[in-house]
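For reference, the structure is listed below as C-alpha cells.
Computed from a predicted structure; not experimentally measured. In what follows, every chain begins at residue 1, and chains take the letters A, B, ... in the order their sequences are listed.
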There are 2 protein chains.
Amino acid sequence: MARPRSFEPDKVLEIAREVFWRKGFQATSLDEITAASGIAKPSLYAAFGDKNALFLKVLDRYHERLLGWAERVLAQPGSAREAIRQWLTGFIPSCSGEKGRRGCLSINAATDGALDQLDIRKSIERYNKRLEELLRARLRSDRDQFKKGFDPELTAHTIVVLHTGLMALAHQAPEPKKVKAVIDLVLTLLA
Amino acid sequence: MARPRSFEPDKVLEIAREVFWRKGFQATSLDEITAASGIAKPSLYAAFGDKNALFLKVLDRYHERLLGWAERVLAQPGSAREAIRQWLTGFIPSCSGEKGRRGCLSINAATDGALDQLDIRKSIERYNKRLEELLRARLRSDRDQFKKGFDPELTAHTIVVLHTGLMALAHQAPEPKKVKAVIDLVLTLLA
DNA sequence: GCCGTTTTGTACCCAGTAGTACTGAATGCG
DNA sequence: CGCATTCAGTACTACTGGGTACAAAACGGC
C-alpha cells in the first residue's frame, strides 16, 4: 500500500554491530554507519530511532545471541566442568590473536561512557546477570560432581569475573595458548 | 626572566585524571578540563601538548602510582599468598560500591577507542606486563611455598586476568563482600 | 623605568556530527 | 490512470569540539 523498504533491518543491524564493535560506541559516527550500510540517515532514524536506540538494539541482539549459545552449550549432559570448559574455550577465537583486538562489544560498551545512558547500562547488567544465572543453575544441579563445601553461587560469579577479564584483555591480542592455559587453571577450581 | 606559570602542572594532571576517569577519554572534552582546572586551553596546550599527549601523561602517572604501590605491597616478607591477597584486597574500595563505578582508568582506556592511539596502547600494555612481572617474580622466588608442579608464570597471568575482570565489572558497583569472596576463592589456587 | 621573554585569556576558525526539512520516487488500491 | 501513503536521498541546520592567532599581562635583567 506504499513504497516498500529497500533494506532488511536485520542486515543493517549486523552491519551497525560490526562498526560499533570495531570503533566503539562514542567513536562511531552515524556517517560511518550510513557509509557501511548504504542506508541514508533519515531511513536509519525512521527505522531504529536515534544513535542510542540503534546501539541498544544492536547490543540487545548481541546479548541474545551470546545467551542463546551459552544456554545450548551449558545444557549439554555429562560433566559440568566440561560443559563450562567448552563454553569458555569457545571464546578463544574471538578474544585472542588479531581478531580478538576488538574485544567484547558488551564489555567495551560498559566502559565507553555509554553507561551514562541508563538503558544501555541496564541491558549490560541484565546480560551479566542472566549469564551468571545459567552458570549457577548448571553448577547447582550438578553439585554432587564436586567435593563437599563447593559453592555454586560463588564459583559461577568467579567464572563470570574470569570471563570478563579475558574479554577485557582481548584488546592486547594474547596468544590462544595463553588463554586456554588460564581457563584450564581456573577450571581446577571445579573439583 | 619571564612571566611565571600560575598553576602547578601536577595539580592539573590530577584534576585532568579525575575528569578522564569519570567520563572516559573520548567523552571528555577539553572544555570540561579547563572548567575543572581553571586553566585556559592555550596554557594546557603549551604545558602538555594536545589531548592525546595530556591523556598519555595522566595515564603514565596513574600507572606509575599503581606499580609503585604493587611493588611495595608485593615486596613484604612472609607468605606470598598473603602479600598477593593484600594487594588484591587493596582494590576493593575502588572497584566495589558506588565509588567503584568509574572502574580502572587504564582498563577503561583500553576499550575506549583510545587504543587507536599507539602511544596509549603501548602504555597500557607496558603496565600490564610490568604488573605481571611483579607477581611472577614474587611467585617464583617463593615457589617452595607451593606444591610441586606449581606454575608461577601461568598463575601470575591468571591473577592479572582476575584483576582485570574485577576492575571491568566495577562499573556495576558490586558489593565489597562479593569481590572479597572471589579473591579468596581464586587464591586457593596458590597452594 | 624600559625591553625581551614567556604566560595568559579572549576570541576565533574549521572540521565533524547528531538530527531534520523537504522533494522526489515507488508501491497498492480503486 | 490517479491517488494516498510510505520510503529514499539530498541538502541543510545547529552545535560541539579540538586546536590556534593575537594582544594584553607579568616577570627578570639592564
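- Counting all heavy atoms, side chain and backbone alike, B:V182 lies closest to B:L162 at CG1-CD1, 3.7 Å.
- When rounded to the nearest whole Å, the span between CZ of B:F55 and P of D:dG18 equals 13 Å.
- Judged by the 6.0 Å and 45° rule, B:K51 forms a cation-pi pair with B:F25.
- Counting non-hydrogen atoms under 4.0 angstrom, A:T34 reaches nothing in the nucleic acid.
- Look at NZ on A:K23: it is 13 Å from C1' on C:dT17, rounded to the nearest Å.
- One can place CG of A:L44 at 14 Å from P of D:dT10, the figure rounded to the nearest angstrom.
- The only member of A:F48, A:F20, A:Y62 that meets ring pair (Phe, Tyr, Trp, His ring centres under 6.0 Å) when paired with A:F55 is A:F20.
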Contact state string [nucleotides 20-30 of chain D, B base, S sugar-phosphate only, - no protein heavy atom under 4.0 Å]
BB---BBBS--
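- What you find for A:A27 and A:E32 is that their closest heavy atoms are O-OE1, 3.5 Å.
- Distance CZ (A:F25) to P (C:dT17): 14 Å, rounded to an integer number of Å.
- Side-chain nitrogen and oxygen atoms of A:S29 include none within less than 4.0 Å of the OP1 or OP2 phosphate oxygen of C:dG16.
- Residue-to-nucleotide proximity on DNA chain D shows that, of B:A27 and A:I39, the 5′-proximal contact is made by A:I39.
- Within the 4.5 Å cutoff, side-chain heavy atoms of A:L169 are placed close to those of B:N128.
- The separation between B:L30 atom CG and C:dC12 atom P is 20 Å, rounded to whole Å.
- One interatomic measurement links the two molecules: NZ of A:K51 to C1' of C:dG19, which rounds to 12 Å at whole-angstrom precision.
- Residue-to-nucleotide proximity on DNA chain C shows that, of B:S6 and A:N52, the 5′-proximal contact is made by B:S6.
- A straight line from CD of B:Q117 to P of D:dG18 spans 13 Å, rounded to a whole angstrom.
- Pairing each heavy atom of A:L59 with each of A:S123, the nearest pair is CD2-OG, 4.1 Å.
- The interatomic distance linking B:F7 (CZ) with C:dT6 (C1') rounds to 12 Å, in whole Å.
- Looking at every heavy atom in both residues, B:A168 comes nearest to A:T164 through CB-CG2, 3.6 Å.
- Distance from the side chain of A:D31 is smallest for C:dT17 among the nucleotides C:dT10, D:dG17, C:dT17.
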